[in-house]
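Worksheet: one structure, shown below.
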Amino acid sequence: MSISIYNTLTRKKELFQTIEPGKVLMYVCGPTVYDSCHIGHARSAVVFDVISRYLKTQAYDVVYVRNFTDIDDKIINRAAEIGMDPKELADKYIAEFYRDMDALQVERASFEPRVTEHIDDVIQLVEKLLAKKVAYVVDGDVFFAVETYDAYGKLSNRRLEDMDPGARVEVDPRKHNPYDFILWKSAKPGEPSWTSPWGKGRPGWHIECSAMSARYLGKTFDIHGGGRDLIFPHHENEIAQSEAGHDREFVRYWIHNGFVNIDKEKMSKSLGNFRLVKDVVQQYHSEVIRLFLLSKQYRKPIDFNQTSMETSRTALDRIYALLLRIDAIIAGKEIPAKAQEDMPFWKKFCHAMDDDFNTANGIAVIFNAVRHANRIMDENETGTISRNVLISLSVVKREILRMGAVLGIGGDVPEAYFHTRRESILTKETMDANVIEKLITDRELARQEKDWERADQIREQLASMNIVLKDHPDGTHWEIKS
RNA sequence: GGCGGCAUAGCCAAGUGGUAAGGCAGCGGUCUGCAAAACCGCUAUUCACCAGUUCGAAUCUGGUUGCCGCCUCCA
């Protein structure tokens, strides 16, 4: 078992070695709760969910912290816009975040702290930074002095003198260096605030993660994750604060996921092309979304569009059709428990995942297993199914479910998976299942009388309604082609 | 201006030195009354282009072209 991880800090894959054997300390930046989650949040959540799940299967004790930023300028501004209390706004979107994550089957982290519950930790860290003279106070605001931290820029691979300050944002003239960032922000009248040695205020933009990660994971921990966009300035600043404050290495492995584009364009306010999780889960089964998000290496950009989603759905159908087929054969049969140690597909899957969590390769292994199982069943369609075949099928099914469980796919009951979609399309298309069943019964009668012409005519009629029939020995099944 | 990424079949996408995974779509075959599904076979002598290193490169080096991201809103 040797996992390698691409470390943003060193810009190469490294062998993963935890600080404490068998234990992984992981922190991932969670949302600032001022708006609904979009598909980009979903990618980050799903990617780190899968990383956490996989590490657990490799016998690691995973301590996973994902925070909520529940106080910040964006929250205050949004709350003011719609005349809501900032705390209420944050609570509302935290609740929505949980609904979205549950819908996507993203597991809960070990700890999900909120900044407003850790103000004391923030103040203590700021005091420490002031004592070390790497921060300064101006009019109740506290800034971190980037020039005091030699390694500033090491994560984002840039030097202070190469950057172009003020290109996009006006520089606060009180700063010693344009890249100095705020640790503690003084409150304007009416803003939420906490008492501090520098007056009433709130935590700055980056300090919370330094304070909370230290609280839950210690001063040095194994993995810190988030979206690519957080590399600079957020994570760069976290490193500066934490390493200056604690005098030791902050994080061993930095993992950043790529963006989700929409029809080849970046999601942006100006394009108004955000895809919200709550909308997407209405349209697609959660596992279709997960399969799509995991079909590309997590560091690369992925394009969300109708074609790619439908392709993912067809692919997932293939897995569920296989599970359904296996279940029909092994249902109610005693399967000997022996010979279940050797799991070649699972091993290949782990090999793929060991290489920087290569889920695209892992998915390929699942489909290899699907083909393998279908082949076994094709070769044993006639006659009595032997014990060995039953064992093989049950083993490969277990492998598929085990691999799927890491990715969060294949966990639905196959019948329910198809049934749910059928129902939702029937509702959408305002079709009546009874009408369809009646036509199928008519066709069955025609077939029994070998009236192929009439049977085919009925099938054509159903086909024009996008109903596909499948004749099985135990009766005719139908599906909606979508 | 600085930093970085990407270019693989009709589409999506793995593959970082040893002779091109997987999914979707398509074509042929088996099966089927006919279909559907499944399986088998076919669909990139080739990985943007040029040069170099090497016994050997999609994979390494240099260059060219094109696309994209970041440089204090952002997953």
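Below, read A as the first sequence line, B as the second, and so on, with proteins coming before strands; counting in each chain starts at 1.
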Inset, instruction - Could you encode protein contacts along nucleotides 2-7 of chain B as a string, one character per nucleotide from 5' to 3', using B for base contact, S for sugar-phosphate-only contact and - for no contact, with a heavy-atom cut-off of under 4.0 Å? - result: SSS---
Need one value for [X]: base, sugar-phosphate or nothing, where a base atom within 4.0 Å counts as base even if backbone is also close, heavy atoms only.
{"X": "A:Met377", "value": "nothing"}
{"X": "A:Phe367", "value": "sugar-phosphate"}
{"X": "A:Arg443", "value": "base"}
{"X": "A:Asn237", "value": "nothing"}
{"X": "A:Gly30", "value": "nothing"}
{"X": "A:Glu161", "value": "nothing"}
{"X": "A:Asn358", "value": "sugar-phosphate"}

Quick check on [N]: is either OP1 or OP2 less than 4.0 Å from any side-chain nitrogen or oxygen of [X]?
{"X": "A:Trp478", "N": "B:rA35", "result": "no"}
{"X": "A:Arg318", "N": "B:rA37", "result": "no"}
{"X": "A:Lys74", "N": "B:rC74", "result": "yes"}
{"X": "A:Lys264", "N": "B:rC12", "result": "yes"}
{"X": "A:Lys296", "N": "B:rA13", "result": "yes"}

Inset, instruction - Heavy atoms only: give me the nearest A:Val365-A:Phe345 pair and the separation to one decimal. - result: CG1-O, 3.3 Å
Legend entry - Considering all heavy atoms, the nearest A:Trp205-A:Pro233 contact: CZ3-CG, 3.6 Å
In terms of relative ring orientation, are [X] and [Y] parallel, tilted or perpendicular, with 30° and 60° separating the classes?
{"X": "A:His206", "Y": "A:His234", "value": "tilted"}
{"X": "A:Tyr136", "Y": "A:His176", "value": "parallel"}
{"X": "A:Tyr152", "Y": "A:Tyr149", "value": "perpendicular"}

Legend entry - Heavy-atom donor-acceptor pair, A:Arg459 side-chain to B:rC34 base, under 3.5 Å: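 Side chain to base: pair found, below 3.5 Å.
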Legend entry - Any N/O donor-acceptor pair, A:Asp456 side-chain to B:rG33 base, under 3.5 Å: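 Per atom types, the contact qualifies.
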Legend entry - Watson-Crick or G-U wobble mate for B:rC42, both contacts under 3.5 Å: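 Answer to the pairing question: B:rG26, which forms a Watson-Crick or G-U pair with B:rC42.
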Inset, instruction - Check the geometry between A:Trp452 and B:rG33 and answer yes if their rings are stacked (centres below 5.5 Å, planes below 30°), otherwise no. - result: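 A:Trp452 vs B:rG33: stacking yes.
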Legend entry - Side-chain (A:Lys296) to main-chain (A:Pro301) donor-acceptor, under 3.5 angstrom: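 Pair found, side chain donor or acceptor close to backbone of A:Pro301.
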Legend entry - For atom NZ of A:Lys470 and atom P of B:rC34, their distance in whole Å: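 After rounding, the reported distance stands at 19 Å.
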Legend entry - Pair A:Lys185 + A:Glu191, salt bridge at N-O below 4.0 Å: no
